[in-house]
Asker: 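Once you've had a glance at the structure underneath, I'll fire off some questions.
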Amino acid sequence: MNADERSVTWPAGSATGVGSMPGTDPREAMAVIVGELPDFPHLAELPARGPGADIIGRTASLLIDLPVQTTARGWRLAARPGRDLSRAAGMLSADLDAMEEAAEGFDGTFKIQVCGPWTLAASLELSRSMEPALADEGAVADLVGSLAEGLSAHVAAVKRRLPDAAICVQVDEPALPGVLAGAVPTASGLHRLSAVEASVASDNLRIVLDAAAEPALVHCCAQQIPFACITGAGATAVSFDLSLLRRTDEDAFGEAAEAGLGMFAGVVHPLPRVPARQSAAAVIDLWLRIGLPAGRLAEQVVITPACGLAGASPADARTALGQCVAAAKLIPELIEEGFR
């Protein structure tokens with residue numbers, strides 16, 4: 001499915017969060033999100049609660065017929081479901097309860113987040129060795145299929161709880177650049193796994209994005225953002241930290257934008273705090289420097305924090321979300337003023 005075949009449902013000039021928030025209380029986090037991001041809220045992730053609330057364990061709880069368990073190093077595929085998986089599923093259920101309570105009656109666009117297949121494959125260990133699942137093509141294929149099936153069920157569950165909302169799915173792929181570059185270490189750390197071909201990466205990512213059956217974006221808060229791979233996977237948008245975008249990445253950024261992808265620009269950092277006008281100006285400067293039409297900016301760009309806010313204080317996280325909204329509202333004003 002091409003990007004232009006998927007309807008973009010977020011409002012023009014909007015802002016949203018990346019996913020993670022500080023603290024351990026899902027109701028408190030959702031109240032902040034809905035209060036600060038009334039037009040485009042998202043499901044809170046609270047990794048401070050420990051294993052099972054992290055990006056890997058949380059998404060692993062959605063996998064179909066692929067149980068996992070914790071190890072001293074993280075997570076691994078397991079022979080059967082156990083307490084670790086039950087804990088992760090229980091925390092996600094509590095998060096959905098808090099979401100339903102805070103966003104009752106919401107009829108705009110609501111974003112949920114899951115870990116992508118390549119980051120899962122690079123992070124989960126095989127059941128009978130300490131090697132990443134990425135080392136085994138069969139394990140990767142099983143992960144992709146299981147995640148696609150689990151994501152489809154997860155989206156359906158969210159829609160039952162928020163029947164009036166349009167759901168947008170964010171697939172987190174921080175490890176994707178390393179997977180493509182052959183930079184994922186083996187268990188010993190002495191070697192690196194072979195690079196995955198871009199076409200293979202796109203095809204498998206597409207399976208998961210299509211399973212969402214909703215507008216889906218790929219979030220990659222790492223250097224060397226693989227815009228072409230993400231575009232080829234049929235994503236509706238790409239989310240990234242603008243400060244990590246290099247001059248050599250700008251052509252690929254421009255091609256993705258010209259292809260119609262939404263750009264979730266991470267420009268707001270909790271600290272040091274900068275004026276919302278400065279954040280808005282950074283986005284406009286990039287957009288116009290590349291030669292993209294100014295008239296499409298407010299519709300195509302969503303302002304976000306640079307990355308998740310789990311490490312921020314609750315006060316700073318709340319302020320950062322408010323700054324995102326302020327910057328998004330300033331973009332059309334600055335363009336109308338003839339920003340240069």
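Values below: every heavy atom of this structure, side chains too, minus hydrogens, waters and symmetry copies. A quick note: this is a predicted structure, and the numbers were derived from the prediction, not measured.
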Asker: Under 3.5 Å, is there a donor-acceptor pair between the side chain of W287 and the main chain of P293?
Answerer: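 Confirmed, W287 side chain pairs with P293 backbone.
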
Asker: Please answer: with hydrophobic residues joined when any side-chain heavy atoms are less than 4.5 Å apart, are V32 and L43 in the same cluster?
Answerer: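 Same hydrophobic cluster.
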
Asker: Between the main-chain N or O of A315 and the side-chain N or O of T319, is there a donor-acceptor pair closer than 3.5 Å?
Answerer: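 Flag set: sc T319 to bb A315 pair under 3.5 Å.
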
Asker: For Q323 and V274, work out which heavy atoms get closest and say how close.
Answerer: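 For Q323 and V274, the tightest heavy-atom pair comes out as NE2-O, 2.8 Å.
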
Asker: For D142, is there any backbone N or O sitting under 3.5 Å from a side-chain donor or acceptor partner on S146?
Answerer: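 Not a single qualifying donor-acceptor pair exists.
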
Asker: Should we count CD of E28 as having more than 12 external heavy atoms under 6.0 Å?
Answerer: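 For E28, atom CD is not crowded (no more than 12 foreign heavy atoms under 6.0 Å).
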
Asker: In the structure I gave you, are the side-chain heavy atoms of E45 and R58 within less than 4.5 Å of one another anywhere?
Answerer: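 With C-beta onward as the side chain, the pair touches.
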
Asker: Does the side chain of S313 pick up a donor-acceptor pair with the side chain of D316 at under 3.5 Å?
Answerer: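 Yes, D316 and S313 have a side-chain donor paired with an acceptor closer than 3.5 Å.
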
Asker: Heavy-atom count around E197 CD within 6.0 Å, excluding the residue itself: above 12?
Answerer: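 At most 12 heavy atoms, drawn from other residues, nucleotides or ligands, come within 6.0 Å of this atom.
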
Asker: Less than 6.0 angstrom separating the ring centers of W10 and F110, yes or no?
Answerer: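 Between W10 and F110, the centre distance exceeds or equals 6.0 Å.
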
Asker: State plainly whether one hydrophobic cluster holds both I230 and V144, where clusters connect Ile, Leu, Val, Met, Phe, Trp and Tyr through side-chain heavy atoms under 4.5 angstrom apart.
Answerer: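 The answer is yes; both residues are in one hydrophobic cluster.
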
Asker: Any sub-3.5 Å donor-acceptor pair from R83's side-chain atoms to Q69's backbone N or O?
Answerer: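 Such a contact is absent between R83 side chain and Q69 backbone.
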
Asker: Considering non-hydrogen atoms only, spot the tightest contact between G116 and L147 and give its length.
Answerer: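 Nearest pair, atom of G116 first, then L147: C-CD2, 4.0 Å.
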
Asker: Closest approach of A88 and G57, non-hydrogen atoms and distance?
Answerer: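 It is CB-O, 3.6 Å.
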
Asker: I would like to know whether L126 and R76 meet side chain to side chain contact (heavy atoms under 4.5 Å, CB included); could you show each step before the answer?
Answerer: CA-CA 6 Å; L126 293 167; R76 72 184 302 171; over 6 Å; no

Asker: Find out whether R49 and D95 are in side-chain contact, i.e. whether some heavy atom of one side chain is under 4.5 Å from a heavy atom of the other.
Answerer: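 A side-chain contact under 4.5 Å exists here.
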
Asker: Can you tell me how far the CD atom of E336 sits from the CD1 atom of I331, to the nearest 0.5 Å?
Answerer: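 Between atom CD of E336 and atom CD1 of I331 there are 14.0 Å.
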
Asker: Would you say the side chain of R161 lies within less than 4.5 Å of the side chain of E104, judging by non-hydrogen atoms?
Answerer: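 Sidechains of R161 and E104: no contact.
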
Asker: Rounded to the nearest 0.5 Å, what's the gap from CG on D25 to CE on M30? Could you check?
Answerer: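 So the gap between those two atoms works out to 12.0 Å.
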
Asker: Is there a donor-acceptor pair under 3.5 Å between the side chain of E131 and the backbone N or O of E125?
Answerer: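 No; zero donor-acceptor contacts below 3.5 Å.
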
Asker: L244 and I303: same hydrophobic cluster, using ILVMFWY side-chain contacts below 4.5 Å?
Answerer: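 Each belongs to a different hydrophobic cluster.
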
Asker: Measure the CG-SG distance between L309 and C324 for me, rounded to the nearest 0.5 Å.
Answerer: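 Taking CG in L309 and SG in C324, the distance rounds to 7.5 Å.
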
Asker: Taking C-beta and beyond as the side chain, do H154 and L92 meet within less than 4.5 Å on heavy atoms?
Answerer: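 H154 vs L92: side chains touch.
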
Asker: Measuring from atom OG1 of T304 to atom NZ of K111, what distance do you get when rounded to the nearest 0.5 angstrom?
Answerer: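 So the OG1 of T304 and the NZ of K111 are separated by 8.0 Å.
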
Asker: Closest heavy-atom contact between E214 and V155?
Answerer: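 For E214 and V155, the tightest heavy-atom pair comes out as CG-CG1, 3.8 Å.
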
Asker: Is any side-chain heavy atom of F264 less than 4.5 Å from a side-chain heavy atom of V238?
Answerer: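 No, their side chains stay 4.5 Å or more apart.
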
Asker: Considering all heavy atoms of both residues, which atom of V171 and which atom of P117 are nearest to each other, and what is their separation?
Answerer: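 Looks like CG1-CD, 4.3 Å.
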
Asker: What I want to check is whether the side chains of D39 and S14 have a donor and an acceptor closer together than 3.5 Å.
Answerer: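 Looking only at side-chain atoms, S14 and D39 do not form any donor-acceptor pair under 3.5 Å.
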
Asker: Would you call R246 and D249 a salt bridge, taking side-chain N to carboxylate O under 4.0 Å as the test?
Answerer: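 Yes, charged N to carboxylate O under 4.0 Å.
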
Asker: Assess whether salt bridge (Lys or Arg N to Asp or Glu O under 4.0 Å) is satisfied between D97 and R27, documenting all intermediate values.
Answerer: CA-CA 8 Å; D97 289 343; R27 283 182 167 78; 5.4 Å; no

Asker: Does the side chain of D84 come within less than 4.5 Å of T70's, by heavy atoms?
Answerer: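 Sidechains of D84 and T70: in contact.
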
Asker: How close do A122 and P132 get, counting heavy atoms only, and between which atoms?
Answerer: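 Distance-wise, the nearest heavy atoms are O-CB, 3.8 Å.
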
Asker: Heavy-atom count check: over 12 atoms from other residues, nucleotides or ligands less than 6.0 Å from R128 CZ?
Answerer: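 Open.
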
Asker: Report yes if some heavy atom in the side chain of I112 is under 4.5 Å from a heavy atom in the side chain of Q170; otherwise report no.
Answerer: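 Not touching, per the 4.5 Å side-chain cut-off.
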
Asker: Decide whether M263 and V325 are clustered together by the hydrophobic rule: side chain heavy atoms of Ile, Leu, Val, Met, Phe, Trp, Tyr closer than 4.5 Å, transitively.
Answerer: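 Linked, M263 and V325 end up in one cluster.
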
Asker: Tell me if the aromatic rings of F240 and F253 count as close, with their centers under 6.0 Å from one another.
Answerer: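 Centroid separation for F240 and F253: below 6.0 Å.
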
Asker: Could you give me the CA-CA distance, side-chain angles and deciding distance for E173 and H219, then say whether side chain to side chain contact (heavy atoms under 4.5 Å, CB included) is met?
Answerer: CA-CA 6 Å; E173 283 285 17; H219 171 67; over 6 Å; no

Asker: Are side-chain heavy atoms of I225 and L176 found at a separation under 4.5 Å?
Answerer: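 A side-chain contact is absent here, since even the closest heavy-atom pair is not under 4.5 Å.
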
Asker: Between atom CG of L334 and atom CD1 of I284, what is the distance when rounded to the nearest 0.5 Å?
Answerer: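 L334 CG to I284 CD1: 4.5 Å, rounded to 0.5 Å.
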
Asker: Do T16 side-chain atoms and F40 backbone N/O form a donor-acceptor pair below 3.5 Å?
Answerer: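 Judged by distance alone, yes, a pair lies under 3.5 Å.
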
Asker: Test M99 against I33 for side chain to side chain contact (heavy atoms under 4.5 Å, CB included), laying out the working first.
Answerer: CA-CA 10 Å; M99 173 201 74; I33 289 170; over 6 Å; no

Asker: Could you go through Q278 and V268, starting from their C-alpha distance and side-chain angles, then the distance that decides it, and tell me whether this counts as side chain to side chain contact (heavy atoms under 4.5 Å, CB included)?
Answerer: CA-CA 10 Å; Q278 184 175 328; V268 175; over 6 Å; no

Asker: Look up atom OG1 in T119 and atom CG in D172, then write down how far apart they are to the nearest 0.5 Å.
Answerer: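 Answer rounded to 0.5 Å: 7.5 Å.
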
Asker: Any link between I55 and V169 through a network of hydrophobic side chains (Ile, Leu, Val, Met, Phe, Trp, Tyr) touching at under 4.5 Å?
Answerer: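 Result: yes, single cluster for both.
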
